[in-house]
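All remarks here apply to the structure that follows.
Per chain, numbering begins at 1; letters A, B, ... match sequence-line order.
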Protein chains: 2
Amino acid sequence: MDLSERQLQILQAIITDYVENAEPVGSRSIAKKYDLGVSPATIRNEMSDLEEMGYLTHPHTSAGRVPSDKAYRLYVNNLMKKKNLSAKDKRLINERLQASRDEFDQTIRHAAELLSEITHLTSFALTPATNDETIAFIRLLPVDERTLILMIVGESGNVTNTTLRLKVPYTQETLDLLSKNMTVNYKGRTLDDVLKSHIIEDVGSDIEAMNAALTALKGTVMPSFIRTLEDMLNVNLYMEGMTNIFNLPEYSSIDRARDFMQLFAQKDWFTQKMLQRADGVVVTIGEENAKMKDCTLITATYHVDGKLVGKIGVIGPTRMKYDEVTSLMEYLTNNLSESFRLTEGEDYTERND
Amino acid sequence: MDLSERQLQILQAIITDYVENAEPVGSRSIAKKYDLGVSPATIRNEMSDLEEMGYLTHPHTSAGRVPSDKAYRLYVNNLMKKKNLSAKDKRLINERLQASRDEFDQTIRHAAELLSEITHLTSFALTPATNDETIAFIRLLPVDERTLILMIVGESGNVTNTTLRLKVPYTQETLDLLSKNMTVNYKGRTLDDVLKSHIIEDVGSDIEAMNAALTALKGTVMPSFIRTLEDMLNVNLYMEGMTNIFNLPEYSSIDRARDFMQLFAQKDWFTQKMLQRADGVVVTIGEENAKMKDCTLITATYHVDGKLVGKIGVIGPTRMKYDEVTSLMEYLTNNLSESFRLTEGEDYTERND
DNA sequence: TGTTAGCACTCACCACGTTAGAGTGCTAAT
DNA sequence: ATTAGCACTCTAACGTGGTGAGTGCTAACA
């Protein structure tokens, strides 16, 4: 059952007005503000039909209409037009991302900051998932006679390390041997792959002619190796502008505000949810989010070296400027991906922390 | 002007009652609940005096009395008695901190979690300040012909690293030379010391007979070295139970809740403030905190290896159970320090991330 | 002189009724 | 098919009076 041209116009007008003013919009104000050439009565009739079709709701009899999730969905899919960023915003983005170009996590965080500053919503950024990162080498470095550092280095320059303190002293020789042995075993394999296979494989069974000291050391090092790998897989989550929502009327009640804040108390849960989302700009509205029934979530992906994929996102009430936010996020992720494309012959420093 | 024994008793009763019920307490209820052997009228007279001296306030004429910051200060300094933790809480703490004993940052975070769970307030934990950490060695590791890893290792096993990508290829030989050279220069010095001296010293001027390639490499590496040192100085801040305060009546208004949340939006500012606080259990009440006028802040310090010092803390309204919270924090920090005392011949893994 | 009973007074809070205004939905005219 | 007109509905705002908790003062008492 398709909507008539006029119904679309009215729906669009209602959405525009409601997004702007956060108050149920009545037939009269539509007729006055948007020049549709029909009277309030006609608009009332159309509104009634739109409500029947599920695009509008009614807080109570004598109130105006409010767009439903379905209406926003229609708007995002069909009605919305791309917006050009203001010159001011563009300048802001270029300056701010440029300035910190050489520090990875910082840049990601700045992107999230920009997002929340410009949209006045809550935003977040995830560092890239490293499931497909391949291991370049593994190194064991001596600190003192019973302390050593285990270091795993990925092809993209990712580094993770752990400090181990052993019961018994080790020798430099066994350390070097184990370093080489592990590197040979794991070089070129992805983190995911190594972790999965390790749950099955019998640790150490793959090495022949291994002397007792080496076997003992390996036995101690392997659990840490696995933990460190898991650590390397963890992505960082940066949240920005959490308090922005306090200025929005939909969170003027304490209960709503608390519910919102509690979403982010479980960082791990939230991170997992976000990682599961598809690539590109993804919009999920209200009920489409299992929890977070009355939020809209918009995520977008950026690329590092054209390979690893990270995410940035915005969370707010379903009433938001979809056109502006999605356009901004597109611009921002393009800009990020550009920054993280390694150009030939360039000095580049990447912070691992 | 000292308070009489009876005035102290009344003050104590008011504080106890108000902390429990969060409502202005009247003369009648004091007389009934706490057996002071005097009539409400007498209590009223004493209350009037206490108010004149600034220990009590009056929301409006026909309401009961509320303790002022000054009253809480008196209570904390003189009246409060140490509380024994419940067996349940002790068990909880021992289990939870034991379980994660081998992962440093995790343990710290768990401590903060426990703190907010037991007190139902907002809590935080800071990893130890590393200003006095001494450098053990510096290592430059090759990844590919133009990529290398700069790694700084402290005596306590702290590790920080950075991935560098250079314009021009380097040779293994120069890398090793520079590694050794830097280690010789900085080994045994504290991070603070190295950073300070570097602002004055002319980078590279201390090396004689240095060939051109080495000088060039050093020129590229040094800025990253400094940044990495600064990075190593950064402490991590973990916040827990931020949404707990939504359940407290003092934050039932959106404005109060927002103000509270915004304190933690500036993590850096907050971290700095906390680092400046004295060691041991420190309580600051209401106006004593420049910002955060209507909060009480309690911090305590734990030790790592008996040397480095980290902090945990609790934030809430001035109305809180000072005796229980301070006792809990004392127990918790003792427990932490114990966990982080390196016992001889023990297997120990410390995560650096 | 310190303590207490008694009492008038204050003030927040709640329940209630009233009013004003915005907006709908229906009907009849165009 | 569109529109003017009008009755109807419901919320939000305002005012009113009653209630109860609590104070502060005064005068009596030990």
For D/dA4 and A/R44 - does any side-chain N or O of the residue sit under 4.0 Å from the phosphate oxygens OP1/OP2? no

Interface residues of residues 34-41 of chain B with DNA chain D (non-hydrogen, below 4.0 angstrom): none

Check: residues 79-87 of chain B side-chain donor-acceptor pairs under 3.5 Å, at least two apart:
unit_1: B/K82; atom_1: NZ; unit_2: B/E330; atom_2: OE2; d: 2.9
unit_1: B/S86; atom_1: OG; unit_2: B/D89; atom_2: N; d: 3.0
unit_1: B/S86; atom_1: OG; unit_2: B/D89; atom_2: OD2; d: 3.3

The criterion is salt bridge (Lys or Arg N to Asp or Glu O under 4.0 Å); which residues satisfy it with A/R277, sequence neighbours excluded? none

Applying ring-ring contact (aromatic ring centres under 6.0 Å, His included), can you list everything that pairs with A/F260, at least two apart in sequence or on another chain? A/Y251, A/F264

Which residues pass the side chain to side chain contact (heavy atoms under 4.5 Å, CB included) test with B/D279, sequence neighbours left out? B/T301, B/V309, B/K311

Check nucleotides 8-11 of chain D against the protein and report each pair of N or O atoms closer than 3.5 Å, with its distance, or say if there are none.
unit_1: D/dT9; atom_1: O2; unit_2: A/S62; atom_2: OG; d: 3.4
unit_1: D/dC10; atom_1: O2; unit_2: A/S62; atom_2: OG; d: 2.9

If only side-chain N and O atoms of A/T42 are considered, is one of them under 4.0 Å from the OP1 or OP2 phosphate oxygen of D/dT2? no

Which residue pairs pass the ring pair (Phe, Tyr, Trp, His ring centres under 6.0 Å) test when at least one of the two sits in residues 273-299 of chain B, sequence neighbours left out? none

With sequence neighbours excluded, residues passing side chain to side chain contact (heavy atoms under 4.5 Å, CB included) with B/D294: B/R256

Of all nucleotides in DNA chain C that come within under 4.0 Å of a heavy atom of chain A, which is furthest toward the 5' end and which toward the 3' end? C/dA22 to C/dG25

Taking distance alone, no hydrogens or angles, what donor-acceptor pairs closer than 3.5 Å link side-chain atoms of residues 17-31 of chain A to residues at least two apart or in another chain?
unit_1: A/D17; atom_1: OD1; unit_2: A/K33; atom_2: NZ; d: 2.8
unit_1: A/D17; atom_1: OD1; unit_2: A/Y34; atom_2: OH; d: 3.2
unit_1: A/D17; atom_1: OD2; unit_2: A/N21; atom_2: ND2; d: 3.4
unit_1: A/N21; atom_1: ND2; unit_2: A/D17; atom_2: O; d: 3.3
unit_1: A/S27; atom_1: OG; unit_2: A/R44; atom_2: NH1; d: 3.2
unit_1: A/S29; atom_1: OG; unit_2: A/G26; atom_2: O; d: 3.1

A/K70 atom NZ, over 12 foreign heavy atoms within 6.0 Å: yes

Can you name the side-chain hydrogen bond (donor to acceptor under 3.5 Å, both in side chains) partners of B/E51, sequence neighbours left out? B/R65

Got a sec, which pairs hit ring pair (Phe, Tyr, Trp, His ring centres under 6.0 Å) with one end in residues 56-93 of chain A, sequence neighbours left out? A/Y72-A/Y322

